[in-house]
Amino acid sequence: MKIATFNINGIRSRLPRLLEWLAESQPDIVCLQELKALDESFPEGAIRDAGYGPVWQGQKAWNGVAILARGTDPIVSRRALPGDDADSHSRYIEAAVDGRLVACLYAPNGNPQPGPKFDYKNAWMERLIAHAQALLDSKTPVILAGDYNVVPTDGIEDIYDPKSWKKDALLQPAPREAYARLLKQGWTDSIHEKHPGKPVYTFWDYMRNRWPRDAGLRIDHLLLSPSLAKDLVDAGVDKDVRGREGASDHAPAWVVVK
DNA sequence: ATGCCTGTCTGGGACAGA
């Protein structure tokens, strides 16, 4: 069972790249972020033709998340992260697939910091932590996958060089502490688990020649609940996808469980 | 301190991303 997460940065403009990667990588479950499309603009037909049952939560111009399951339709359990009914961003969708619960998340970027966007990022992480604990308490096998917009540490496994990112929201103590606290609940960061100390970046900025220089960040994470983590087989990043014509600024990250 | 690059909503330039 291969489960992937991919911030596609616009599903309409990225559709050919997405379909190409689905055919090559053959993931069983896919979490997508940054659809940048209204619900009615989601390319359901093309996704179904590729063999996947989709569920999605769209939004005009920004955000938007989806879960795809090969050969089956995910059963949606949530379309928003609990804890703030006034939050209108489409950043969370959760569904049951073959006895597992799949949570697809797109955490706020939080720049510029300090400021209201950074406050929103931190509050969103607290809501995620609260809901993640409830998911653990349910004893269901759960995967929390998506774009966390957090570089966990300054280590080479998480960032090429923190120097020019020191003031960025993705590296600040508060979101890092929140991510660490999330892990401490009992989640396994599967990419980190399988590649300790090795660069396993998932994002390379379009600007400043960062892809050719391999100046990447690790911000897309796949967290496994204890009952899934014991079945962890492998994890990785389809890095070559980032180097293609018309690529997203993120590469797909994936995990294989028994 | 800002732009760099890209997608979206628009139909030219602003906003958001990270």
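As the structure is a computational prediction, the values presented were derived from the model and not from experiment.
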ask   = So what does A/His250 hit on the nucleic acid, given a heavy-atom distance under 4.0 Å: a base, only sugar-phosphate, or nothing?
value = sugar-phosphate
task = Find out whether A/Arg242 and A/Asp249 are in side-chain contact, i.e. whether some heavy atom of one side chain is under 4.5 Å from a heavy atom of the other.
result = yes
5′-ward residue of the pair A/Gly10/A/Asn209 relative to DNA chain B = A/Asn209
request  = Would you kindly compare A/Pro112 and A/Gly246 by the position of their nearest DNA chain B nucleotide and give the one closer to the 5′ end?
outcome  = A/Gly246
ask   = Rounding to the closest angstrom, what is the interatomic distance between B/dA16 and B/dC4 at atom C1'?
value = 15 Å
ask   = Is any side-chain nitrogen or oxygen of A/Lys36 closer than 4.0 Å to OP1 or OP2 of B/dT6?
value = no
query = Can you check the A/Arg17 CZ to B/dG7 C1' distance for me, whole Å?
reply = 16 Å
inquiry  = Once side chain to side chain donor-acceptor pair (under 3.5 Å) is applied, what residue pairs with a partner in residues 149-159 of chain A remain, sequence neighbours excluded?
reply    = A/Thr153-A/Asp158, A/Asp154-A/Lys166, A/Asp154-A/Arg176, A/Asp158-A/Arg218
remark   = Of the listed B/dT6, B/dC9, B/dA16, the closest approach to the A/Tyr206 side chain comes from B/dT6
query = When all nucleic acid strands are considered with a 4.0 Å heavy-atom cut-off, which category describes A/Tyr148: base, sugar-phosphate, or nothing?
reply = nothing
key: Separation between the C1' atoms of B/dG11 and B/dC15, rounded to whole Å   = 16 Å
inquiry  = Closest approach to the side chain of A/Glu34, judged atom by atom: which nucleotide of B/dA16, B/dG17, B/dC9 is it?
reply    = B/dG17
Distance (rounded to the nearest 0.5 Å) between A/Arg12 CZ and A/Arg14 CZ = 12.0 Å
Side-chain heavy-atom pair A/Ile8, A/Leu35 within 4.5 angstrom cut-off = yes
ask   = For A/Arg12 and B/dC9, is the shortest distance between a side-chain N/O and OP1 or OP2 below 4.0 Å?
value = yes
key: Distance in angstrom units between A/Asp205 CG and B/dA16 C1', rounded   = 12 Å
request  = If B/dG11 has a Watson-Crick or G-U wobble mate with both distances under 3.5 Å, name it; if not, just say none.
outcome  = none
query = Does A/Ser13 put a side-chain nitrogen or oxygen below 4.0 Å from OP1 or OP2 of B/dT8?
reply = yes
task = Measure from the side chain of A/Asn9, starting at C-beta and using heavy atoms only, and say which of B/dG17, B/dG7, B/dT8 lies closest.
result = B/dG7
note = Rounded to whole Å, the CZ-P distance (A/Arg210 to B/dC4) equals 14 Å
query = Which residues pass the side-chain hydrogen bond (donor to acceptor under 3.5 Å, both in side chains) test with A/His89, sequence neighbours left out?
reply = A/Arg91, A/Tyr120
ask   = For the pair made of CD in A/Gln33 and P in B/dG7, what is the distance, rounded to whole Å?
value = 17 Å
query = Just how far, in rounded Å, is C1' of B/dC5 from CG of A/Asn111?
reply = 16 Å
message = Any base atoms under 4.0 Å from A/Asp220, or only sugar-phosphate, or nothing? Heavy atoms, all strands.
response = nothing
key: For atom CG of A/Leu170 and atom P of B/dA16, their distance in whole Å   = 17 Å
task = With heavy atoms under 4.0 Å as the rule, sort A/Lys117 into base, sugar-phosphate or nothing.
result = sugar-phosphate
ask   = How long is the line joining CD1 of A/Ile8 and P of B/dA16, in whole Å?
value = 21 Å
query = Any side-chain N or O of A/Arg91 under 4.0 Å from OP1/OP2 of B/dG17?
reply = yes
query = When all nucleic acid strands are considered with a 4.0 Å heavy-atom cut-off, which category describes A/Asp147: base, sugar-phosphate, or nothing?
reply = sugar-phosphate
query = Between B/dT6, B/dC9, B/dC4, which one does the side chain of A/Arg14 approach most closely?
reply = B/dT6
query = Measuring from A/Asn7:CG to A/Thr202:OG1, what's the distance to the nearest 0.5 Å?
reply = 9.0 Å
ask   = For the pair made of CG in A/Asp249 and P in B/dG17, what is the distance, rounded to whole Å?
value = 12 Å
